[in-house]
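Sequence lines set the chain letters: A, B, ... in the order given, protein chains first and strands last, and positions in each chain run from 1.
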2 protein chains.
Amino acid sequence: MPRTGLQEPSFLVLTALAAGPLHGYAILKDVETTSCGSVRLGVGTLYGALERLAERGLVEVASEEVVDSRLRRSYRLTEDGAGVLAAEASRRQQQSAAALARLGRRGALGWTS
Amino acid sequence: MPRTGLQEPSFLVLTALAAGPLHGYAILKDVETTSCGSVRLGVGTLYGALERLAERGLVEVASEEVVDSRLRRSYRLTEDGAGVLAAEASRRQQQSAAALARLGRRGALGWTS
DNA sequence: CGAAGATACTCCTGTTGCCGAAGTATGAAC
DNA sequence: GTTCATACTTCGGCAACAGGAGTATCTTCG
């Protein structure tokens, strides 16, 4: 998979949006929450990823509202985005299964020995 | 997950070695085979990754032999490496499951609509 | 025989997607 | 008034590739 595929931050952003439209900070929160605090994207990373994903047509702006004098821009996953996310998730699933299978066959998952 | 985690190429290299010691080109072959030809690592990528993984103590040189006047260096996964691979595989498994679950709940996996 | 391809590792330049942080601005809390 | 949280903008730096060329030997083929 070339680097033009999805890196983890982008993958997680798409996953967050798969549940419905969210604005920037809500995406950050979602990613952190669903990873039980183990993954925290920086805002630079988030907006950089959103821009690239938007350029690729995988996400689009759902709405822009002014809340408390602050612009709040929500994003939504496009159909293309959903397709790419599904494909990537499957790929990662397969790769993970392969790794775990081999580790199991190895008789050591890194903590039994 | 900080960038000091595993990117895909490194992850796949560790997976290849989880099955037993292999030399460079055999790793390339393994990665390509297990991905059904969809992932082909370049030699620059491979040896770069091997070097970094070795520096981190996740792999080590298993043997160096001269075959047909050619140096053949085999690498093996260390116990630490197996542990890191297991953890990473689990992480990716979870993330994939989460993404697929949300897509399912969304009623569209990108190809039903 | 010479050329091309396969095997095996070395080395290097260029690119990409973050990573981290600083900036701007407003409202809320202390 | 100060600090913190919310919300987006912007940017320099860098790690991990990605791609490819180089060196060298053996095998295969014309």
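- A salt bridge links B:E8 with A:R91: at least one charged nitrogen is closer than 4.0 Å to a carboxylate oxygen.
- Rounded to an integer number of Å, the gap from A:L71 CG to C:dG23 P is 22 Å.
- Following rounding to the nearest Å, A:L22 (CG) and D:dT6 (C1') show an atom-to-atom distance of 15 Å.
- Contact check, A:R40 against C:dC19: no side-chain N or O comes under 4.0 Å of OP1 or OP2.
- At a threshold of 4.5 Å between non-hydrogen side-chain atoms, the residues B:H23 and B:R73 do not count as touching.
- The 12-atom threshold is exceeded at CD of A:E60, counting heavy atoms of other residues, nucleotides or ligands nearer than 6.0 Å.
- Side-chain contact between A:Q93 and B:L100 is present, with at least one heavy-atom pair separated by less than 4.5 Å.
- Closest to the side chain of A:Y47, out of D:dT9, C:dC18, D:dT6, is D:dT9.
- Picking from C:dC19, D:dT6, D:dC8 the nucleotide with the shortest atom distance to the side chain of A:R73 gives D:dC8.
- A:I27 places its CD1 atom 12 Å from the C1' atom of D:dC8, with the value rounded to the nearest Å.
- Regarding B:L41, its CG atom lies at a distance of 7 Å from the P atom of D:dA18, rounded to whole Å.
- A donor-acceptor pair is defined here as one N or O able to donate and one able to accept, closer than 3.5 Å; such a pair exists between the side chain of B:T78 and the backbone of B:L58.
- In this model, the phosphate group of C:dC18 is approached by a side-chain N or O of A:S10 to a distance below 4.0 Å at OP1 or OP2.
- Here C:dT26 presents its P atom at 19 Å from CD of A:E65, a figure rounded to the nearest Å.
- Distance CG (A:L28) to P (D:dT9): 13 Å, rounded to an integer number of Å.
- Salt-bridge formation is not detected for the pair B:E65/B:R70: no Lys NZ or Arg NE/NH1/NH2 atom is positioned less than 4.0 Å from an Asp or Glu carboxylate oxygen.
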Under 4.0 Å protein heavy-atom contacts per nucleotide of nucleotides 21-28 of chain D, with B for base, S for backbone only and - for none: B---BS--
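- Atom CD of B:E64 is separated from atom P of C:dT7 by 21 Å (rounded to the nearest Å).
- Taking atom CD of residue B:E51 and atom P of nucleotide D:dA15, one finds them 14 Å apart after rounding to whole Å.
- A 4.5 Å side-chain heavy-atom check between B:Q95 and A:T15 finds every atom pair outside the cut-off.
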